[in-house]
Number of protein chains: 2
Amino acid sequence: MTATDWLPEAVRANAIDRKLRAGQALFHAGDSTVGLFEVLEGKVRLVRVDRSGREAVLQAASAGDTLAEASLFSSTYHCEAVATTRAEVRLYPKAALLAEFARDPELVRSFAAMLAQQVMALRTRLERYNIHSARDRVQHFLTVNMRTDRRTVTLPGTLKDLAADLGLTHEALYRTLARMTADGEIKRSGNIIRLTRSTYD
Amino acid sequence: MTATDWLPEAVRANAIDRKLRAGQALFHAGDSTVGLFEVLEGKVRLVRVDRSGREAVLQAASAGDTLAEASLFSSTYHCEAVATTRAEVRLYPKAALLAEFARDPELVRSFAAMLAQQVMALRTRLERYNIHSARDRVQHFLTVNMRTDRRTVTLPGTLKDLAADLGLTHEALYRTLARMTADGEIKRSGNIIRLTRSTYD
DNA sequence: CGAGTGATTGACTTAGATCAATGACCGTGG
DNA sequence: CCACGGTCATTGATCTAAGTCAATCACTCG
């Protein structure tokens, strides 16, 4: 379920790791594309800069995220990539990847499947962000991430991470969870949240 | 640049159009997947329902949007699709699509390229949503959607649509634009916004 | 043991949501 | 041809939920 699971050995073997210091650029707009990046450690940002020097973040990638998938189908980059912390990235060179794509059509399908999955996940997060109330946003998250028992959700990381993921401050999340617990809507034990059967049904 | 541009004639020829009344379901969780949907008119929602009947919207698709790309690689649906208005959808049957995929590897690449593009666009919108200030959010939108002259942005639809896209109420957007205009940051003429050179640089 | 981080709660402020009203515009049907 | 219903654009007033600042406690790690 990691974003690079679909990559075959042939491509992995050609990967190149690279360390970056904070502030160092990975590529610039206009550079020729070199391949697919995976962030191993630290944080890397894709940024577009307008003529007055204002920056707009296109993506903030952390460990485990992939970068610049679309660049595989384009000859130059259209944004900057900069490490915002000391970071380590892995490059899967474009040539090796495209060669594998040509040799193995099934691989392209896996790639497409992974991308389709991502599109869905991103759209879902986007919908969540359209909900303005913190409580409803948490509800949305819980409903979507319910385990198959349809009762519990296991939180992946820290609550702070979750807060960032939900687009809330961590304080707002703590308070919201506290209120939901007080109202008997959920029960928490460690990093597991149990949905209490709603009263109206 | 439409989401279905990559579809070849062979697949288009097999498309099936279908009209839905408001509230009508397109498919249910557990149903076998039938193909890729394109919304021609109206609105269709992908929804996940939890055991207490609470709904979480996974995607709200309007005219021009595509639906359930990931279902091409899965045998059953994992959510409900319901028209929220009278709507018309076009179905590209799975069999025809997969057959074309098998016949023409280049097509899968086009599909992947389109998805990669979408992933990037969605990630960018997500980053925008992480910005809490309405003004900075508008700035982000403008910087990202600047035309090649790097000075002007042409608004696609109505301001209300844009507001929804930005995750703001239309009132908030009007006010923000008014303030930015008053501050000389932008100039508006019709649906074109011109970025005034920032003062600090 | 002290530094660093996560979890939590309190107090205060504010930006944006909400409710409301108005004018412009546009198509349409009588 | 014009009145009318609908939607967009815009602005005002008000309210509240979430952001911000701040403090505390628990825990881990070297």
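In what follows, chains carry the letters A, B, and so on, assigned in the order in which the sequence lines appear, proteins first and then strands, with residues in each chain numbered from 1.
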Quick one: [X] [atom1] to [N] [atom2], roughly how many Å, whole number?
| X | N | atom1 | atom2 | answer |
| --- | --- | --- | --- | --- |
| His132(A) | dA17(C) | NE2 | P | 5 Å |
| Ile131(A) | dA17(C) | CD1 | P | 14 Å |
| Arg135(A) | dA17(C) | CZ | C1' | 19 Å |
| Leu173(A) | dG6(C) | CG | C1' | 12 Å |
| Arg179(A) | dT8(C) | CZ | P | 14 Å |
| Tyr174(B) | dA20(C) | OH | P | 18 Å |
| Leu168(B) | dA17(D) | CG | P | 19 Å |
| Arg137(A) | dA18(D) | CZ | P | 8 Å |

Looking at every strand, decide which applies to Gly157(A) at a 4.0 Å heavy-atom threshold: base, sugar-phosphate, or nothing.
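If one applies the 4.0 Å heavy-atom cut-off, Gly157(A) turns out to touch nothing in the nucleic acid.
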
Quick one: label Thr176(A) by what it contacts on the DNA or RNA (base, sugar-phosphate, nothing), any heavy atom closer than 4.0 Å.
nothing

I'd like a list of close polar pairs between nucleotides 21-29 of chain D and the protein, N/O only, cut-off under 3.5 Å.
unit_1: dC21(D); atom_1: N4; unit_2: Glu171(A); atom_2: OE2; d: 3.0

Kindly give the heavy-atom pair with the smallest separation between Thr76(A) and Thr33(A), and that separation in Å.
C-CG2, 3.5 Å

Choose from dT11(D), dC8(D), dA18(D) the nucleotide whose nearest atom is closest to any side-chain atom of Ala178(B).
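Within the option list, the nearest is dT11(D).
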
When you measure from the centre of the six-membered ring of Tyr129(B), is the NZ or CZ of Arg137(B) closer than 6.0 Å and no more than 45° off the axis?
yes

Closer than 3.5 angstrom, by distance alone: can the side chain of Gln59(A) be matched with the main-chain N or O of Thr66(A) as a donor-acceptor pair?
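Here the side-chain-to-backbone pair exists.
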
Would you say the ring centers of Phe111(A) and Phe101(A) fall short of 6.0 Å from each other?
yes

Side chain proximity check, Phe37(A) to Arg90(A), heavy atoms < 4.5 angstrom
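With C-beta onward as the side chain, the pair stays apart.
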
Applying salt bridge (charged side-chain N to carboxylate O under 4.0 Å, His left out) as the test, list every pair that has at least one member in residues 72-81 of chain A; sequence neighbours left out.
none

